[in-house]
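Note that ligands are numbered from 1 as they come in the structure, with each ligand's atoms numbered from 1 the same way. Quick caveat, the model's predicted, so the values are computed rather than measured.
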Amino acid sequence: MALLDGKTILVTGVANRWSIASGIARRLHAHGARLILTYQGERVEDAVRKHAAELGGAGVFECDVTSDASLRGLAEKAGTIDGFVHSIAFVKKEDLSGTVYDTSRDGFAMAMDISAYSLIALAGRLKDNLNDGSSIMALTYLGGTRIVPNYNIAGIAKAALEASVRYLAFDLGSRGIRVNAISAGPISTASSRQVAGFSSMPGKVAAASPLKRNVTIDDVGNVAVFLASDLSSQVTADVHFVDAGYHAMGMYPEPTRADAI
Ligand code: 0WD
């Protein structure tokens, strides 16, 4: 019997096949989960439907987290689920470079709404769809607790997201529902490439991390399998790093000749 047999997991944030959510969906499916995928709007609907067909005919529903009507519609259609993955973020490109003190009120509000409040909104809307013992997972990044130049307002939103994980874990814990964050190392995606200077980040992690490599979307997906499964039934309210150990470094080794190649 596969680890996730009999479980239905809803996965948000599959924009294309490079999305972290795609790797998560693929690994959840490989371990027996039935999937529901959501798409933000018509722009990505076809790609998500194609993806769903390759993942055992996953259900596909629209969900734009900025719209309460869309969230309500999702809750009405999704049926009973055993967890969901929040893999959503948005920050205006001009707020992903330069100085944090230049962030506009509007840019701050939008980043917080889509990247952090959306977890609270999804949990609130889907709480009656969730079976007791379900698992909620959100994608975060080291920039939420450490300074990562240019990540700026995205990091501030991740701090809010991680705090939301803890408070939601408390609210839903009496039903055995766990809420955790996965903090992934830098992976080249449509979103991450908006951060100024992103292209050098994966190489820096590979050079400086204990495991001497960077991570893939399947590495992230494998940890999501554990968190979605009953193996993690007593694991909640925490941030789980999938970054080859990079977050634990206090000083970085001198680059070697091999790193420079
Ligand atoms: O290095 C990275 N790529 C890391 C990403 C390291 C650590 C964490 N993360 C996080 C991101 O911050 C995000 O929370 O992982 C999550 C997924 O990001 P991703 O896979 O890197 O990026 P992408 O493939 O662009 O998916 C993010 C998606 C959107 O994609 P597009 O490219 O269409 O903006 O977030 C979704 C959308 O699918 N999204 C929304 N979904 C519903 N409603 C909305 C919205 N309003 N806005 C964005």
Side-chain angles (χ1 to χ4, degrees), residues 10-26 37-48 51 60-71 73-74 84-93 95-96 109-119 121-122 125-126 137-146 148 150-162 164-165 181-195 197-206 214-221 223-224 239-244 246-247:
L10 183 148
V11 181
T12 66
V14 176
N16 54 55
R17 66 194 168 92
W18 296 279
S19 298
I20 293 177
S22 297
I24 292 175
R26 188 159 62 221
L37 304 185
T38 68
Y39 63 93
Q40 184 195 345
E42 280 172 19
R43 182 177 55 92
V44 286
E45 180 177 356
D46 284 352
V48 174
H51 219 73
V60 178
F61 302 115
E62 188 184 9
C63 175
D64 180 339
V65 294
T66 61
S67 157
D68 286 331
S70 179
L71 288 165
L74 176 65
F84 70 82
V85 176
H86 175 283
S87 189
I88 293 171
F90 181 79
V91 178
K92 287 181 176 178
K93 190 169 165 63
D95 292 331
L96 290 169
M110 188 183 281
M112 289 298 247
D113 184 24
I114 299 179
S115 310
Y117 175 70
S118 57
L119 176 67
L122 273 169
R125 281 290 168 205
L126 293 176
M137 294 155 268
L139 269 297
T140 188
Y141 177 58
L142 185 62
T145 49
R146 304 286 167 87
V148 175
N150 297 318
Y151 199 60
N152 295 1
I153 186 65
I156 294 167
K158 288 304 188 197
L161 180 77
E162 291 177 19
S164 306
V165 162
I182 300 175
S183 185
I187 297 171
S188 181
T189 64
S191 293
S192 63
R193 286 192 295 273
Q194 303 300 308
V195 181
F198 174 82
S199 60
S200 67
M201 288 168 61
K204 283 181 182 160
V205 168
N214 199 6
V215 299
T216 66
I217 59 175
D218 288 272
D219 294 326
V220 179
V223 172
V239 176
H240 307 268
F241 286 91
V242 184
D243 68 347
Y246 182 84
H247 68 283

Self-check item: Heteroatom proximity flag, I114 to ligand 1, N/O under 3.5 Å
Solution: no
Exercise. May I ask whether M201 has any heavy atom positioned less than 4.0 angstrom from an atom of ligand 1?
Key: no
Quiz prompt | Heavy-atom nearest neighbour of atom 19 (P) of ligand 1 within options V205, V85, T189 | solution = T189
Practice problem: Indicate whether any N or O donor in one side chain lies under 3.5 Å from an N or O acceptor in the other, for D218 and T216. | Solution: no
Quiz item: What about S19: any of its N or O atoms under 3.5 Å from an N or O on ligand 1?
Solution: yes
Quiz item: At their closest point, which heavy atom of I114 faces which heavy atom of A89, and how far apart are they?
Solution: CG2-C, 4.2 Å
Quiz item: Is K158 near ligand 1, meaning one of its heavy atoms is under 4.0 Å from it?
Solution: yes
Self-check item: For C63, atoms of ligand 1 separated by under 4.0 Å from a heavy atom
Solution: 42 (C), 43 (N)
Quiz item: According to the interplanar angle, ranging from 0 to 90°, do the rings of H247 and F241 count as parallel (below 30°), tilted (30 to 60°) or perpendicular (above 60°)?
Solution: parallel
Exercise. Please say whether R43 places an N or O atom under 3.5 Å from an N or O atom belonging to ligand 1.
Key: yes
Practice problem: List the atom of V242, the atom of I182, and the distance in Å for their closest heavy-atom pair. | Solution: CG2-CG2, 3.6 Å
Quiz item: Who gets closest to atom 41 (N) of ligand 1 by heavy atom: I24, L142, I88, L122?
Solution: I88
Exercise. Find all atoms of ligand 1 within a distance of less than 4.0 Å from any non-hydrogen atom belonging to S192, and give their numbers and elements.
Key: 1 (O), 2 (C), 3 (N)
Quiz item: Numbering the atoms of ligand 1 from 1, which are under 4.0 Å from a heavy atom of G185?
Solution: 1 (O), 6 (C)
Quiz prompt | Residue G13 vicinity, atoms of ligand 1 by number, heavy atom under 4.0 Å | solution = 26 (O), 38 (O)
Quiz item: Under 4.0 Å from ligand 1, counting heavy atoms only, is it the side chain of V65, its backbone, both or neither?
Solution: both
Self-check item: Nearest atoms (heavy-atom pairs only) where A138 meets V165
Solution: CB-CG2, 4.3 Å
Quiz item: Is the closest heavy-atom distance from V44 to ligand 1 below 4.0 Å?
Solution: no
Quiz prompt | Polar atom proximity, V14 to ligand 1 (N or O, under 3.5 Å) | solution = no
Quiz prompt | Option with minimal heavy-atom separation from atom 1 (O) of ligand 1, where the choices are I20, I187, D64, D113 | solution = I187
Practice problem: Give yes or no for whether the N/O distance cutoff of 3.5 Å, strictly under, is met between W18 and ligand 1. | Solution: no
Exercise. Quick one: look up the protein heavy atom nearest atom 15 (O) of ligand 1 and list residue, atom name and how far away it is.
Key: L139 CB, 3.3 Å
Quiz item: Short list, please: which atoms of ligand 1 are under 4.0 Å from a heavy atom of A190?
Solution: 25 (O), 32 (O)
Exercise. Quick one: closest heavy-atom pair of V65 and L71, and the distance?
Key: O-CD1, 3.9 Å
Self-check item: Closest approach of R17 to I217 (non-hydrogen atoms, all atoms of both residues)
Solution: O-CD1, 3.7 Å
Practice problem: For ligand 1, indicate whether the residue S115 contacts it via side chain, backbone, both or neither (heavy-atom separation under 4.0 Å). | Solution: neither
Quiz item: Mind checking whether A15 has an N or O less than 3.5 Å away from an N or O of ligand 1?
Solution: no
Quiz item: Considering only heavy atoms, does T12 approach ligand 1 within less than 4.0 Å through its side chain, its backbone, both, or neither?
Solution: neither
Quiz item: In terms of atom number and element, which parts of ligand 1 are under 4.0 angstrom from non-hydrogen atoms of P186?
Solution: 1 (O)
Self-check item: Closest heavy-atom pair and its distance - V44, Y39
Solution: CG2-CB, 4.0 Å
